[in-house]
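For clarity, every value in this text was computed on a predicted model and none was experimentally measured. Convention: sequence-line order gives letters A, B, ...; per-chain numbering from 1.
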Amino acid sequence: MILPPSFYERDTVTVAKDLLGCLLVHREETTTMGWIVEVEAYLRGDPAAHSYRGETKRNSVMFGPPGHAYVYLIYGLHTCVNIVTGSEGAGEAVLIRALEPAIGLDLIQERRGMNDPVSLASGPGKLTQALDITMDLNGTSLYNGPLQVGSPDSLPGRRPEGFPGEIVQTTRIGITKAADLPLRFYLKGSRYVSRR
DNA sequence: ATCAGGATTGGCT
DNA sequence: GCCAATCCTGATT
């Protein structure tokens, strides 16, 4: 079941926590999917958010309607994928930081050049490579496009490790501004979260 | 026009 | 733990 726009148009921290256990799906020639096991919230008035200094060409998707993908290039090498949340115009989003691979293992392993399951998508740059999430998906709808988010029961009889269960809340990783805000969330007990 | 730096990763010490 | 890779963006001159 693809999540409807109304799912995203709520408090960003609530959406971030509700995204844990959901499926990120990329439908191409071959479909690949992974369960979301780690996220970070970026809020209005948050110095670490790309939207902090107002709308620019790069971050304009963050100010658009919720339920769309904000994809950006980082360090000239990797892409990161966010889900726009909250009210349109708020500039809020949830960064997907780690997935537990679910479908399309062969292709994911080929793209990543490795086969250790816990390292295939345990980082924001790793998971975009695993699911082939490139800049051309920036701005696409997550309920009416090739990149989708499904509810946790989308694969009958299967669940990500640690779900349903406790959600752990910590400070965000890899940022210098507002590094003290506790806006990172992950599934307790999952071996697929990013380390560091 | 120029330039510092980044929501990272993988390899090496 | 340290650092290079790699290039686009936003801020500054």
Side-chain angles (χ1 to χ4, degrees), chain A residues 8 12-13 15-17 19-20 22 24 26 32 34 36-64 66-86 90-101 107-140 142 147 149 167-187 190-196:
Chain A
Y8 303 99
T12 293
V13 169
V15 176
K17 291 190 279 190
L19 279 169
L20 294 175
C22 290
L24 187 62
H26 191 188
T32 48
I36 298 169
V37 299
E38 177 184 346
V39 299
E40 281 177 358
Y42 288 85
L43 310 176
R44 174 162 45 187
D46 173 358
H50 288 177
S51 56
Y52 185 60
R53 292 167 192 279
E55 185 171 345
T56 65
K57 187 173 183 179
R58 176 209 199 190
N59 67 21
S60 63
V61 172
M62 281 187 83
F63 292 89
H68 288 240
Y70 167 48
V71 185
Y72 69 91
L73 182 68
I74 185 72
Y75 295 110
L77 302 169
H78 313 285
T79 59
C80 292
V81 61
N82 296 255
I83 294 175
V84 179
T85 54
E92 303 197 332
V94 175
L95 170 70
I96 309 302
R97 279 199 60 91
L99 301 177
E100 175 180 336
L107 184 52
I108 288 174
Q109 290 172 335
E110 182 184 320
R111 286 170 177 162
R112 293 278 296 122
M114 58 183 305
N115 53 30
D116 175 20
V118 306
S119 302
L120 288 174
S122 57
K126 298 178 185 180
L127 71 92
T128 54
Q129 184 184 15
L131 264 58
D132 188 31
I133 298 171
T134 48
M135 285 304 297
D136 59 320
L137 290 175
N138 186 38
T140 60
L142 295 171
L147 189 63
V149 180
I167 293 174
V168 180
Q169 178 172 191
T170 75
T171 53
R172 294 175 294 191
I173 290 179
I175 58 174
T176 52
K177 301 166 237 167
D180 54 321
L181 298 182
L183 293 173
R184 171 180 178 238
F185 305 92
Y186 65 89
L187 289 180
S190 173
R191 288 171 297 143
Y192 298 87
V193 301
S194 67
R195 292 294 171 186
R196 286 199 183 185

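- Counting all heavy atoms, side chain and backbone alike, A/Met62 lies closest to A/Ala93 at CE-CB, 3.8 Å.
- Note: CD1 (A/Ile175) to P (B/dG6) measures 11 Å, nearest angstrom.
- Spacing between atom OH of A/Tyr70 and atom P of B/dG6 amounts to 15 Å, rounded to whole angstrom units.
- Contacts of residues 116-137 of chain A with DNA chain C (heavy atom under 4.0 Å): none.
- Atom NZ of A/Lys177 and atom C1' of B/dA4 are 12 Å apart (whole Å).
- With a 4.5 Å cut-off on side-chain heavy atoms, A/Ser51 and A/Phe63 count as touching.
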Summary of protein contacts for nucleotides 7-13 of chain C, nucleotide by nucleotide, where a base hit scores B, a sugar-phosphate-only hit scores S (4.0 Å, heavy atoms): BSSSS--
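- For DNA chain B, if you chain together Watson-Crick or G-U pairs that step i with j, i+1 with j-1 and so on, the runs of at least three with distances under 3.5 Å are B:1-6 with C:7-12, B:8-12 with C:1-5.
- To the nearest angstrom, P of B/dA7 lies 17 Å from CD of A/Glu92.
- With contacts defined as side-chain heavy-atom distances shorter than 4.5 Å, the pair A/Leu43/A/Glu92 qualifies.
- Residues A/Met114 and A/Leu120 have side chains in contact (heavy-atom distance under 4.5 Å, counting atoms from C-beta outward).
- If you take CD of A/Glu38 and P of B/dT8, they are 10 Å apart, rounded to a whole angstrom.
- The minimum heavy-atom distance linking A/Glu40 with A/Ile173 is given by the pair OE2-N, 2.8 Å.
- When all heavy atoms of A/Asp46 and A/Ala178 are compared, the pair lying nearest together is OD1-CB, 3.8 Å.
- Rounded to whole angstrom, the span from the NE2 atom of A/His50 across to the P atom of B/dG6 amounts to 10 Å.
- The shortest heavy-atom contact between A/Asp132 and A/Leu137 is O-CD1, 4.2 Å.
- Distances shorter than 4.0 Å separate none of the side-chain N or O atoms of A/Arg184 from OP1 or OP2 on B/dA7.
- Taking atom P on both nucleotides, C/dC3 is separated from B/dG5 by 16 Å, rounded to a whole Å.
- Checked by atom type and distance alone, the side chain of A/His50 never pairs as donor or acceptor with a backbone atom of A/Asn59 at under 3.5 Å.
- Contact between A/Tyr8 and A/Val84 at its shortest, heavy atoms only, is CB-O, 3.9 Å.
- The shortest distance between side-chain heavy atoms of A/Asn138 and A/Tyr72 does not fall below 4.5 Å.
- Rounded to an integer number of Å, the gap from A/Met62 CE to B/dA7 P is 11 Å.
- Contact record, A/Val39 with A/Ile96: CG1-CD1, 4.1 Å, taken as the closest heavy-atom pair.
- A/Ile74 comes within 4.0 angstrom of the backbone, heavy atoms only, and of no base.
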